[in-house]
Amino acid sequence: MDFQSHALKCSDGSSTSSNLVLYSFWRSSCSWRVRFALNLKGLSYEYRAVDLGRREQLNPDADFERLNPLKYVPVLVDGPVVVSDSYAILLYLEEKYPQKALLPTDLRLKSLHLQVASIVSSSIQPLIMLELLKTIGEKFGPEEPLPWAQSTLEKGFNALEKLLKDFSGQYALGDEVHMADVFLAPQISSAIENFGIDMSKFPTLARIYKSYKTLPEFQASSPERQLDALH
Ligand SMILES: N[C@@H](CCC(=O)N[C@@H](CS)C(=O)NCC(=O)O)C(=O)O
């Protein structure tokens, strides 16, 4: 069995050839980070949809485990190189394809970018992932997952708000879109759309999110623009 494959594409919608293959699910915020970064770097890629709704990642016939033993998206394949986990993928892309650098050379700023990326990918997203919310619902009652997710998001966003306050510009840490933005943008979107977070409590995050929404690279990477999105 093979994953649904879509033509190689650039963020402007044109097609071109490339070695890059991204295993992704339209609604996955972790996949969205990578789609956004690939677009920012101007890298075309073949999109292979892994239908998490149908639990395709667990289907032994699909053998997705061969690509990622954890059976999570995203996975990036670049010729002989297979990288899973969005953070690892982003660092790989940064080194292999240095155009439109996502990390600044200034060490202080660079460490802040890595800190923001880590907060989102280690201290927010894993605590609100679907499987965990389902388990919380089953064990503690159906009314429990939403407040759990909301308090996790608000704790993380409060910390991020403090961290970014003195550094933010048009984007998280200045006036250029960099690594922190790649992690923040999908997480803020999911907080609003999936968990009803009131972003007026987080003015810095709310302001930079407005900037993301105007970026073609962000728009093209958004869930509803993916070919596996349900319309
Ligand atoms: N730390 C990983 C987390 C990946 C992850 O949680 N992926 C989710 C979608 S956002 C997934 O594949 N879930 C499938 C499942 O729970 O079985 C990353 O950043 O890539």
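Atoms within a ligand are numbered from 1 in the order they appear, just like the ligands themselves.
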Item checked: Donor-acceptor contact present, side-chain Trp32 to main-chain Ser221, <3.5 Å -> yes
Note to self: Using modelled atom types and a 3.5 Å cut-off, is there a donor and acceptor pairing between side-chain atoms of Glu94 and backbone atoms of Leu102?
What the structure shows: yes
Notebook entry, point to check: For ligand 1, is any non-hydrogen atom under 4.0 Å from Ser86's backbone (N, CA, C, O), its side chain (CB onward), both, or neither?
Noted result: both
Next item on the list: May I ask you to identify the nearest protein heavy atom to atom 14 (C) of ligand 1, giving residue, atom name and distance to one decimal place in Å?
Entry: Gln57 NE2, 3.6 Å
Item checked: Protein heavy-atom partner closest to atom 1 (N) of ligand 1 - residue, atom, separation in Å -> Asp85 OD2, 3.0 Å
Notebook entry, point to check: With a 4.0 Å cut-off on heavy atoms, does Pro74 reach ligand 1?
Noted result: yes
Note to self: For the backbone of Ala185 and the side chain of Ser189, can you confirm whether one donor and one acceptor N or O come within less than 3.5 Å of each other?
What the structure shows: no
Next item on the list: For the residue pair Val83 and Asp78, establish whether any side-chain heavy-atom pair is separated by less than 4.5 Å.
Entry: no
Notebook entry, point to check: Which of the atoms of ligand 1 are close to Met129, meaning less than 4.0 Å from one of its heavy atoms?
Noted result: 6 (O), 13 (N), 16 (O)
Next item on the list: Below 4.0 angstrom from a heavy atom of Glu131, which ligand 1 atoms are there? Numbered from 1 as shown, please.
Entry: 16 (O)
Check: Of all the non-hydrogen atoms in the protein, which one sits nearest to atom 7 (N) of ligand 1, and at what distance?
Finding: Val73 O, 2.8 Å
Item checked: Flag side-chain contact, heavy atom, 4.5 Å: Gln115 against Ile119 -> yes
Item checked: Side chains of Phe167 and Arg108 in contact at under 4.5 Å (non-hydrogen atoms) -> yes
Check: Of all the heavy atoms in Arg33, does at least one lie under 4.0 Å from an atom in ligand 1?
Finding: yes
Item checked: Heavy-atom nearest neighbour in the protein, as seen from atom 9 (C) of ligand 1, with distance rounded to 0.1 Å -> Ser28 OG, 3.6 Å
Item checked: Protein contact of atom 6 (O) of ligand 1 - nearest heavy atom, named by residue and atom, plus distance -> Gln125 NE2, 3.1 Å
Margin query: Ignoring hydrogens and geometry beyond distance, is a side-chain donor-acceptor pair present between Ser24 and Tyr47 at under 3.5 Å?
Written below: yes
